[in-house]
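Everything on this sheet refers to the single structure shown next.
Note: hydrogens, waters and symmetry copies are ignored here, and every other heavy atom, side chains too, is used.
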Amino acid sequence: MKKLLIITTLALMGATFTGFSQEKDKTKANKKPVTDSIKTLDAVTVSAKTPVIQQKAGMMIMNVSASSTSIGMTALELLEKSPGVTVDNDGKISLKGKQGVLVLVDGKPTYMSGADLAAYLKNMQSSNIDQIEIMTNPPAKYDAAGNSGIINIKTKKGLKKGMNGNTNIGYAQGVYGKLNGGLNLNYRNEKLNVFGGYNGGVAERFTNININRRFYDAGGVFTGSADQLSSMPLKNTYHTVKAGADYSISGKDIVGFVINGNFSNNDQEPFSFTNVRDGAGDVLYKLHSQGESIRRSTNVSTNVNYKHRFDSAGRELSADADYVYYKNNNTSSLSTQGYTSKDQVNGIPVLLNGDIPSNIHIYSAKLDYIHPFSKGLKLETGLKTSIVNTDNKVDYIRNNGSGWLPDDRSNHFVYEENINAGYAVLSGSFKKWELTAGLRLENTYSKGHQLTNDSLFERSYTNLFPNAGIKYEVNGKNELNLSYSRRITRPDYEDLNPFVFFLDSLTYSQGNPYLQPQFTQNIEISHTYNKFLTTTLNYTHTNNIITQLLKQDTEKKLTYQTRDNFNTMDQFGIAVSANFPVATWWEANTYLNAFNNRFDGLYQNDPVKMQFTSMTINLSNNFTLGKGWTVELSGWYLTKAADGLLVINDMGSASAGFSKQVLKGKGSVKLGVRDIFYSEKFSAYARYSDVDVDVSGRKDSRQVSLNFNYRFGNKSIAFARKKSGGATDEQSRIKN
């Protein structure tokens with residue numbers, strides 16, 4: 001932590017002197033004869049170094065390609081080092097200390113959350129990512145989903161005429177090795193742009209978890225405990241393919257399509273050792289659980305789009321139609337053997353096998369219209385509809401020594417949802433003012449049917465989501481922004497699913513079909529000085545917040561994880577972002593965010609109030625050494641924070657990277673070291689009602705990676721359009 005603060009202090013000190021020297025250099029430059037520039041213009045190639053972090057109105061951008069410490073990383077690991085973003089041990093993403101982040105890829109939803117989203121982002125390599133956009137207050141044209149905002153991962157695109165592309169291969173070594181590679185091709189002429197690519201790899205990972213639980217009777221007297229060590233090694237193979245085309249029918253009409261395929265195999269063999277103790281700490285008995293989880297995932301998404309441009313003023317109409325299909329074939333087995341306190345076998349093993357198939361179909365269509373007026377006014381409006389059908393089964397069979405029999409935790413859950421929406425956004429510029437105001441209307445109808453016991457629920461609700469922003473340029477160096485939005489977070493499809501999923505015989509997770517959506521109001525005020533220093537104050541109020549809870553059966557020593565609506569959460573926060581050149585060869589990026597989260601609600605009729613003031617720090621320093629060499633030092637740190645009713649202890653990580661341009665600038669070799677001090681250790685605790693749990697975990701976070709990238713083809717630049725599809729939040733709510 002001290003090392004990170006020293007780097008920040010040096011960077012801030014350097015900025016003061018840099019500002020003086022730059023003004024001085026400009027004065028000298030103005031004395032240079034203009035004719036010299038004219039004579040040498042044809043021989044000059046103009047290039048600008050892209051900063052790792054850029055601050056724009058309502059958005060922060062992380063330029064992945066500009067960061068040498070990003071090589072060999074996955075998308076999930078990149079999010080860990082992104083300003084204001086935290087990722088917990090389960091891959092759950094928070095933004096500025098708030099859950100409910102909507103994750104998009106190229107403006108399109110991932111239609112996943114939880115385990116599926118984490119697995120998908122672990123398969124996405126940094127070599128295929130261009131930028132990560134972080135929007136804390138997105139406009140009304142985006143779906144109203146996302147309690148804390150939107151993260152948009154933009155992949156690399158073919159932007160040049162003729163045939164061109166790039167290929168890459170990388171290897172990372174931690175405790176286990178990881179190999180990845182890919183190829184992207186692009187052909188573009190005046191009317192046609194055809195593109196495609198493949199990326200794949202193999203990886204081994206591990207996660208170790210320690211869980212310590214304490215139990216109390218109805219009178220609050222300590223009765224015993226259970227300490228558990230679990231290890232979850234994972235073998236992963238993945239393939240991603242992409243193909244598409246854009247065709248200019250005329251100078252005003254473009255039609256296109258995109259097909260994405262993601263295929264992965266995840267094999268896991270978790271095992272755990274548990275000691276169950278009495279009130280004096282003596283072991284009563286022991287349990288050894290050995291499991292196997294085989295997961296085969298297929299995700300295919302298609303998008304067809306059309307855009308008509310009416311005139312050169314920017315009036316245009318666009319349409320999108322999307323179809324997304326997910327198929328998961330999962331099987332699991334769990335064997336639990338009991339032992340006495342003296343390590344003698346106690347009874348016969350209890351066996352549990354599960355077949356867990358899941359099928360999800362998503363249909364979406366949207367229509368968007370942009371109409372510029374005179375005097376800087378612009379109207380954006382549109383309609384959208386989406387239909388989601390999910391079919392999830394879990395068939396458990398159990399063997400207690402007398403043969404295989406059906407288990408009563410088997411289930412079959414079918415869920416249907418239809419969302420219809422319309423929006424309008426009016427924006428304009430008047431002298432020093434920029435104004436935007438939007439309103440989104442969403443109607444939601446959903447139906448869930450638990451076929452096993454013929455339990456059915458239906459819901460229908462309509463909501464308005466206003467959004468407004470004001471920007472005022474005080475003078476050439478000072479700028480003020482004010483924004484407000486109301487947003488919704490609907491329950492993930494899997495969280496509504498009442499299935500039981502086992503970690504071991506004493507620990508499992510279970511869905512809650514009675515979950516309701518949560519609603520959030522955000523207010524932000526920001527000040528930007530000299531285009532490099534931005535300070536933001538925010539207040540957030542959330543009703544009916546969806547919170548991860550630990551519940552337990554004290555008598556059976558069982559603990560399970562579920563989600564429930566836990567009344568309210570309030571957050572007050574301040575964030576400071578500074579991006580500046582300390583010297584001509586040194587660029588520093590600093591992000592600090594301090595926030596206070598307050599939770600107030602009921603847990604099993606017991607009042608629970610909790611608050612924590614926390615801080616996140618993200619730092620990166622980039623050094624250009626000449627002759628094609630660049631170096632990056634970066635790090636992040638999170639102090640103790642409240643994640644729902646789970647309190648996360650402080651954690652952090654530091655990384656370094658080296659990059660060298662080769663083959664006349666067409667190739668690059670990058671070497672990176674992630675989590676140098678192996679400090680990325682997760683630990684947390686929960687203390688409320690009858691719950692008293694400590695959790696800690698480690699994963700394969702310290703890695704050395706080597707990557708080679710080669711670019712080939714025509715260098716003449718002709719920008720291709722970046723197309724986002726029609727679906728927005730549905731895909732972000734799928735997990736397994």
- Query: Taking side chain as C-beta onward, heavy atoms only, is N236 less than 4.5 Å from N265?
  - Reply: no
- K681 NZ: over 12 foreign heavy atoms closer than 6.0 Å: no
- Do T616 and W636 have side-chain heavy atoms sitting under 4.5 Å apart? no
- Message: Tell me every residue that passes salt bridge (Lys or Arg N to Asp or Glu O under 4.0 Å) with D650, counting only those two or more places apart in sequence or in another chain.
- Response: none
- Out of curiosity, E269 CD to K235 NZ, how far, rounded to the nearest 0.5 Å? 7.0 Å
- What residues, two or more places apart in sequence or in another chain, satisfy side-chain contact (heavy atoms from CB on, under 4.5 Å) together with A686? L550, L646, Y688, V691
- Task: May I ask you to test the L234-N266 pair for a side-chain heavy-atom distance under 4.5 Å?
- Result: yes
- Note on the structure: Residues passing the side-chain contact (heavy atoms from CB on, under 4.5 Å) test with K551, sequence neighbours excluded, are L549, Y560, T562, D564, Y603, Q604
- Look at the side chain of R698 and the backbone N and O of Y678, then say whether any donor-acceptor pair between them is shorter than 3.5 Å. yes
- Query: Going by heavy atoms in the side chains, are T540 and T520 under 4.5 Å from each other?
  - Reply: yes
- Side-chain donor or acceptor of N180 paired with backbone N/O of V202 under 3.5 Å: no
- Query: How far apart are the closest heavy atoms of N579 and T590, and which atoms are they?
  - Reply: OD1-N, 4.4 Å
- Item | Expected output: side-chain D700 to main-chain V175 donor-acceptor under 3.5 Å | yes
- Item | All side-chain contact (heavy atoms from CB on, under 4.5 Å) counterparts of I294, not counting sequence neighbours | D267, E292, R296, T331
- Message: Quick check against the 3.5 Å criterion: does Q228 have a side-chain atom that pairs as donor or acceptor with the backbone of T274?
- Response: no
- Message: For a 4.5 angstrom cut-off between non-hydrogen side-chain atoms, does S659 reach V669?
- Response: no
- Do NZ/NE/NH1/NH2 and the carboxylate oxygens of R277 and D227 come within less than 4.0 Å? yes
- So, the side chain of T167 versus the backbone of G182: is there a donor-acceptor pair under 3.5 Å, distance only? yes
- So do the side chains of F623 and E632 get within less than 4.5 Å of each other, counting heavy atoms only? no
- Donor-acceptor contact below 3.5 Å, side chain D643 vs main chain V647: no
- Query: So, does N593 use its side chain to make a donor-acceptor pair with the main chain of I574 at under 3.5 Å?
  - Reply: yes
- Could you tell me whether the side chain of I211 reaches within less than 4.5 Å of the side chain of V693, counting heavy atoms only? yes
- Message: If the threshold is 4.0 Å, N to carboxylate O, is there a salt bridge linking R687 and D694?
- Response: yes
- Query: Ring centres of H288 and F273 under 6.0 Å apart?
  - Reply: yes
- Among T542, N538, N522, which one satisfies side chain to side chain donor-acceptor pair (under 3.5 Å) with Q571? N538
- Partner residues of F572 under the side-chain contact (heavy atoms from CB on, under 4.5 Å) criterion, sequence neighbours left out: Y539
- With side chains defined as the heavy atoms from C-beta onward, is the minimum distance between D495 and N512 less than 4.5 Å? no
- Query: Is a salt bridge present between D692 and R214, judged by a nitrogen-to-oxygen distance below 4.0 Å?
  - Reply: yes
- With respect to S655, which candidate in Q703, R702, R674 satisfies the side-chain contact (heavy atoms from CB on, under 4.5 Å) definition? R674
- Message: Could you work out, with salt bridge (Lys or Arg N to Asp or Glu O under 4.0 Å) as the rule, every residue matching D570, not counting sequence neighbours?
- Response: none
